[in-house]
J.: 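Structure provided below as structure tokens; questions to follow.
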Amino acid sequence: MTIKISPNPNALSKEERDAKVAEGGFGKYYTDHMVICEWSEKDGWGTPELKAYGPLTLDPATAVFHYGQEIFEGMKAYRQPDGSVSLFRPVANAERFNRSAKRLALPEMPVELFMETVNTLVKQDIGWVPNEVGESLYIRPFMIATEVGLGVRPTNKATYLLIATPAGAYFNPSKAVTVWISTEYVRAAPGGTGEAKCGGNYAASLVAQKAAAAEGCDQVIWLDAVERKWIEEMGGMNLYFVKGDKVVTPKLTGTLLPGITRDSILTVASDLGYRVEEGMINIDQWRDGVASGEISEIFACGTAAVIAPVGSAKSVHGTWQTGDGTPGAITMEIRNHLLGIQHGTVADKHGWMKKVL
């Protein structure tokens with residue numbers, strides 16, 4: 001499908017753009033362009049358009065405002081040693097986007113169309129991609145229900161949008177985060193939307209994040225909704241526990257987001273010679289494991305942060321620290337290896353990186 005190109009007549013100068021990219025941060029500045037594409041039940045997908053980044057105009061009765069029919073993705077483009085730019089596992093994002101769409105009764109987007117919109121935006125705004133290791137262009141595809149009306153039903157109109165922002169480190173990788181284990185709130189229940197990437201999951205998490213902040217913690221840890229004891233996720237990120245030469249992550253039960261970084265780490269850790277396991281771990285096993293030294297390191301992972309070391313955990317059951325509370329050697333080895341693949345300094349033997357042409 002051909003994308004209509006309408007360049008931004010007020011795009012920033014190279015000097016202005018470079019200054020914003022150098023300033024870093026996450027979601028502070030946005031590139032000069034965005035992509036928009038309309039869908040209707042009657043006509044299917046229309047012609048996407050790359051145009052100047054700017055506000056949307058929506059009727060107050062637009063369905064997304066009232067029933068939360070919305071999904072999104074998070075993915076990244078990385079600068080390579082030769083100055084080119086590559087996307088990290090973009091097809092996996094396209095496929096997860098469609099799984100989320102199906103769960104939220106939104107239209108699925110052909111993978112080829114999704115990929116073309118991402119490539120077009122990154123190519124147009126390639127000067128916004130940072131150059132430093134650990135920095136990237138964070139890309140946010142999303143879709144909203146745009147039928148006007150208050151009837152409770154799947155929308156017959158939707159809008160796909162694509163924006164991007166230069167991103168530095170989400171967390172300081174040299175400092176381990178402190179987490180609050182929430183026993184009052186849950187993120188998702190069996191049969192719910194836990195494995196979809198939709199705004200409602202994040203909206204429902206914010207009250208627990210406030211509670212974590214009130215306890216002096218950086219992030220919240222979610223437990224399962226049934227027994228309230230099995231570890232699931234950290235905020236919007238997947239978790240890993242290091243036990244000797246084994247790297248363990250909670251298994252996908254339908255309530256956890258199937259993270260692309262999570263999946264990548266299972267492969268990277270195996271490549272580095274570690275045993276990997278998808279299993280279950282509860283609060284008592286976490287507490288007793290760090291006390292005995294069986295659990296030597298813990299880290300969270302996701303697109304935005306890549307890998308964030310976890311130092312201490314607090315809960316109504318007490319407070320405990322992993323190791324000496326600083327980022328562990330295995331955590332940093334996995335992080336550096338994954339970043340090496342993403343930035344093109346480590347061989348990409350799995351074919352994860354896709355060059356933007």
Side-chain angles (χ1 to χ4, degrees), residues 169-189 194 201-202 204-251 253 255-257 259 261-262 265 269 274 277-302 304-335:
Y170 195 81
F171 293 111
N172 181 352
S174 65
K175 180 180 182 297
V177 299
T178 300
V179 297
W180 172 254
I181 301 175
S182 177
T183 54
E184 183 177 1
Y185 302 102
V186 295
R187 176 185 173 273
N201 290 345
Y202 293 79
S205 75
L206 300 180
V207 65
Q209 180 59 41
K210 283 185 66 176
E215 296 291 339
C217 297
D218 303 294
Q219 277 288 336
V220 61
I221 295 290
W222 298 108
L223 303 178
D224 73 291
V226 179
E227 297 183 74
R228 301 289 184 95
K229 69 177 185 179
W230 298 103
I231 306 300
E232 293 205 327
E233 296 187 12
M234 182 185 94
M237 304 171 67
N238 297 113
L239 276 168
Y240 272 91
F241 298 82
V242 178
K243 299 180 176 182
D245 68 345
K246 185 165 64 175
V247 181
V248 183
T249 190
K251 68 180 181 180
T253 59
T255 59
L256 280 72
L257 183 71
T261 307
R262 172 192 180 277
I265 287 171
Y274 298 104
E277 179 183 307
E278 297 177 78
M280 302 284 281
I281 182 168
N282 62 40
I283 297 178
D284 293 340
Q285 291 168 333
W286 181 347
R287 181 191 60 233
D288 296 344
V290 297
S292 68
E294 178 192 11
I295 298 174
S296 58
E297 302 175 33
I298 301 171
F299 61 88
C301 65
V306 184
I307 287 178
V310 177
S312 298
K314 298 180 180 181
S315 76
V316 295
H317 303 288
T319 298
W320 53 90
Q321 179 177 285
T322 305
D324 62 1
T326 63
I330 294 174
T331 296
M332 299 309 291
E333 181 186 11
I334 292 172
R335 178 182 185 274

J.: Quick one, R187 and L257 - any side-chain contact, counting heavy atoms below 4.5 Å?
T.: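 In short, these two side chains touch, coming nearer than 4.5 Å.
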
J.: If I compare all heavy atoms of A305 with all of M237, which pair ends up nearest, and what's the gap?
T.: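 Minimum heavy-atom separation between A305 and M237: CB-CE, 3.5 Å.
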
J.: Of all heavy-atom pairs between D284 and N282, which one has the smallest distance, and what is that distance?
T.: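 Scanning both residues, the minimum pair turns out to be N-OD1, 3.1 Å.
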
J.: Please give me the minimum heavy-atom distance between Y202 and S205, naming the atom from each residue.
T.: O-OG, 2.6 Å

J.: Salt-bridge test for R262 and E233: reply yes if a basic N is under 4.0 Å from a carboxylate O, no otherwise.
T.: no

J.: Measure the spacing between OG of S292 and CD of Q285 and express it to the nearest 0.5 Å.
T.: 11.0 Å

J.: Could you check if a side-chain atom of T322 sits within less than 4.5 angstrom of a side-chain atom of V310, using non-hydrogen atoms only?
T.: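 No, their side chains stay 4.5 Å or more apart.
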
J.: Where does the angle between the aromatic ring planes of Y240 and F299 fall among parallel (under 30°), tilted (30 to 60°) and perpendicular (over 60°)?
T.: parallel

J.: Working to the nearest 0.5 angstrom, can you tell me the gap between H317 NE2 and W286 CH2?
T.: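 So the gap between those two atoms works out to 12.0 Å.
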
J.: Using the side chain to side chain contact (heavy atoms under 4.5 Å, CB included) definition, which of the options I281, T255, D224 pairs with W230?
T.: D224

J.: Within the side chain of E215, is there an N or O that forms a donor-acceptor pair under 3.5 Å with the backbone of W180?
T.: no

J.: Say you draw a straight line from CD1 of I283 to NZ of K229; how long is it, rounded to the nearest 0.5 Å?
T.: 10.0 Å

J.: How long is the span from the CG atom in N238 to the CD atom in E232, to the nearest 0.5 Å?
T.: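 Output value for this atom pair is 10.5 Å.
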
J.: Roughly how far apart are K246 NZ and S296 OG, rounded to 0.5 Å?
T.: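 Spacing of NZ (K246) from OG (S296) equals 12.0 Å.
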
J.: Which heavy atom in L239 sits nearest to a heavy atom in P250, and how many Å separate them?
T.: O-CD, 3.2 Å

J.: Taking all non-hydrogen atoms of both residues, which atom of A212 and which atom of Q219 are closest, and how far apart?
T.: CB-O, 3.7 Å

J.: Is there a side-chain contact between C217 and T178 (heavy atoms, below 4.5 Å)?
T.: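 They are in side-chain contact.
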
J.: At their closest point, which heavy atom of G194 faces which heavy atom of A188, and how far apart are they?
T.: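 Result for this residue pair: CA-CB, 3.5 Å.
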
J.: Enter the distance from R228:CZ to W222:CH2 here, rounded to the nearest 0.5 Å.
T.: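 Going from CZ on R228 over to CH2 on W222, the span is 10.0 Å.
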
